[in-house]
2 protein chains.
Amino acid sequence: MNNLADVIEQWILRQMASEQDEIIMLRRNEMAEELACAPSQITYVLSTRFTIERGFIVESRRGSGGFVRIARIPVQTIVYQDAANQIDETISLEEVKVIVARLRSHNLMTSREAALVCKCFAVVYERIPAQERVPLLKSLLMTLANQNEV
Amino acid sequence: MNNLADVIEQWILRQMASEQDEIIMLRRNEMAEELACAPSQITYVLSTRFTIERGFIVESRRGSGGFVRIARIPVQTIVYQDAANQIDETISLEEVKVIVARLRSHNLMTSREAALVCKCFAVVYERIPAQERVPLLKSLLMTLANQNEV
DNA sequence: AGTCAAAAGGTCAATTAAAGTCAAAGTGCG
DNA sequence: CGCACTTTGACTTTAATTGACCTTTTGACT
């Protein structure tokens, strides 16, 4: 972990951890000075690591009084909600599995989680009639949406 | 055992043994230098011997600050098997949750997985009679045991 | 209001530092 | 011999880092 980009990433994450609202604001140049790196390096780290896919929103302003604001967002919730919305009485187990695979491929769940969820779904399909099934499937999916890493 | 690939394999295994967390990180080029071999030889050994089937996970990054991380994945299966053995017709949902919590605290599942599995169990308890329940609970648990990371 | 300079942050292309790929050549055993 | 496994190195791809130059924003001074 002696590469600059990683050091910067950790630095930012630590700052965020010390806030309780998951939002921080920083001055790019000050930070570059503190970390003894090129200011553009900060930009690089932000654009490679603090992406929307990884659940961050970065906003900034130039000019005097400029800043960079980094916020962590629960993107997951939105995508999961969307997935859950596709589930109704008519959907087949195979179709549900496709939805799970999509979540998996977007890194919104691990393959272990995908395997588990598919297994559960199989059980539900086997044992429970269609109408009762729907809310169960949805709530199982949303269980993952509402849990954050580790 | 005087072939290079085997020597490299042993070298890596010895490094791992000297760590207590079964994870090592190394620079491919440095290692190649130390072992006086072509860097690509390291790649070869990793891809033939440190495979997922043999219980390893290899991750790497190119570019400056690049690295190769090798992790041995524990023989979870035994612990999971043990957990599954504790499940019988008499066990309550609360007791099952305790078992899950233990697996979780030993890092044999993530908290997301734990949440998911508990949710599934709740569904099973609610809908399915005791005798039929047991094999389902066991097979759900073992689904996780048999899946390896990522 | 208009202008201008200073103070931010952004872009991009060039450079350097890894690791990966793959085909070809080598080795050794049944 | 023939086949499977090793070994190598030239070439490819990816990641990180920097610095020169660009754009936006503000505020002070006409």
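Order of the sequence lines fixes the chain letters, A, B, ..., with proteins taken first and strands second; residue numbering starts at 1 for each chain.
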Could you tell me whether B:Arg61 contacts a base, only the sugar-phosphate backbone, or nothing, with contacts defined as non-hydrogen atoms closer than 4.0 Å?
sugar-phosphate
Assess the side chains of A:Arg28 and A:Thr43: does a donor N or O sit below 3.5 Å from an acceptor N or O?
yes
Check the distance between C:dA7's C1' and A:Leu26's CG and give it to me in whole angstrom.
16 Å
In this structure, how many angstroms lie between the P atom of C:dA17 and the CG atom of A:Asn3, rounded?
13 Å
By nearest-heavy-atom nucleotide on DNA chain D, the more 5' of B:Pro39 and A:Thr48 is B:Pro39
Counting neighbours of CD on A:Glu33 that are heavy atoms of other residues, nucleotides or ligands and sit closer than 6.0 Å, is the number greater than 12?
no
Output yes when at least one side-chain N/O atom of B:Ser60 is less than 4.0 Å from OP1 or OP2 of C:dA19, else no.
no
Provide, to the nearest angstrom, the distance between the CD atom belonging to A:Gln41 and the P atom belonging to C:dT15.
18 Å
Residue pair B:Glu95 / B:Ser92, side-chain donor-acceptor N/O under 3.5 Å
yes
Given that B:Thr43 and A:Val68 both sit by DNA chain C, which one's nearest nucleotide is further toward the 5' end?
A:Val68
Interatomic spacing from CD1 in A:Ile52 to CD1 in A:Ile57 - rounded to 0.5 Å
4.5 Å
For A:Gly63, answer base if it contacts any base atom (sugar-phosphate contacts may also be present), sugar-phosphate if it contacts only those atoms, and nothing otherwise; contact means non-hydrogen atoms under 4.0 Å.
base
May I ask you to evaluate whether A:Asn29 reaches the phosphate of C:dG9, defined as a side-chain N or O under 4.0 Å from OP1 or OP2?
yes
Distance-only donor-acceptor test (3.5 Å): side chain A:Arg27, base C:dG9
no
Looking only at the side chain of B:Leu4 (C-beta and beyond, no hydrogens), which of the listed nucleotides D:dT8, D:dT26, D:dT18 gets closest?
D:dT8
Distance, rounded to the nearest Å, where A:Gln10 contributes CD and D:dA16 contributes C1':
16 Å
Between C:dA18 (P) and B:Glu30 (CD): distance, integer Å:
8 Å
Counting any heavy atom closer than 4.0 Å, what does B:Ser40 reach on the DNA or RNA strands: base, sugar-phosphate only, or nothing?
base
Taking CZ from B:Arg28 and P from D:dT12, how many angstroms apart are they, rounded to a whole number?
16 Å
With both distances under 3.5 angstrom, what nucleotide forms a Watson-Crick or G-U wobble pair with C:dA5?
D:dT26
Tell me whether A:Arg133 forms a cation-pi arrangement with A:Tyr125, defined as NZ or CZ under 6.0 Å from the six-membered ring centre and within 45 degrees of its axis.
yes
Tell whether B:Arg62 reaches the base of D:dT13 with its side chain through a donor-acceptor pair below 3.5 angstrom.
yes
Of the nucleotides D:dT8, D:dT17, D:dT6, which has the atom closest to the B:Arg49 side chain?
D:dT6
Whole angstrom value for the distance that separates P of D:dT8 from CG of B:Leu35
11 Å
Note: B:Ala83 and B:Leu141 closest approach over all heavy atoms is CB-CD1, 4.1 Å
Is A:Tyr44 touching bases, backbone alone, or none of the nucleic acid, heavy atoms closer than 4.0 Å?
base
In whole angstroms, how far is the P atom of C:dA8 from the CD atom of A:Glu33?
11 Å
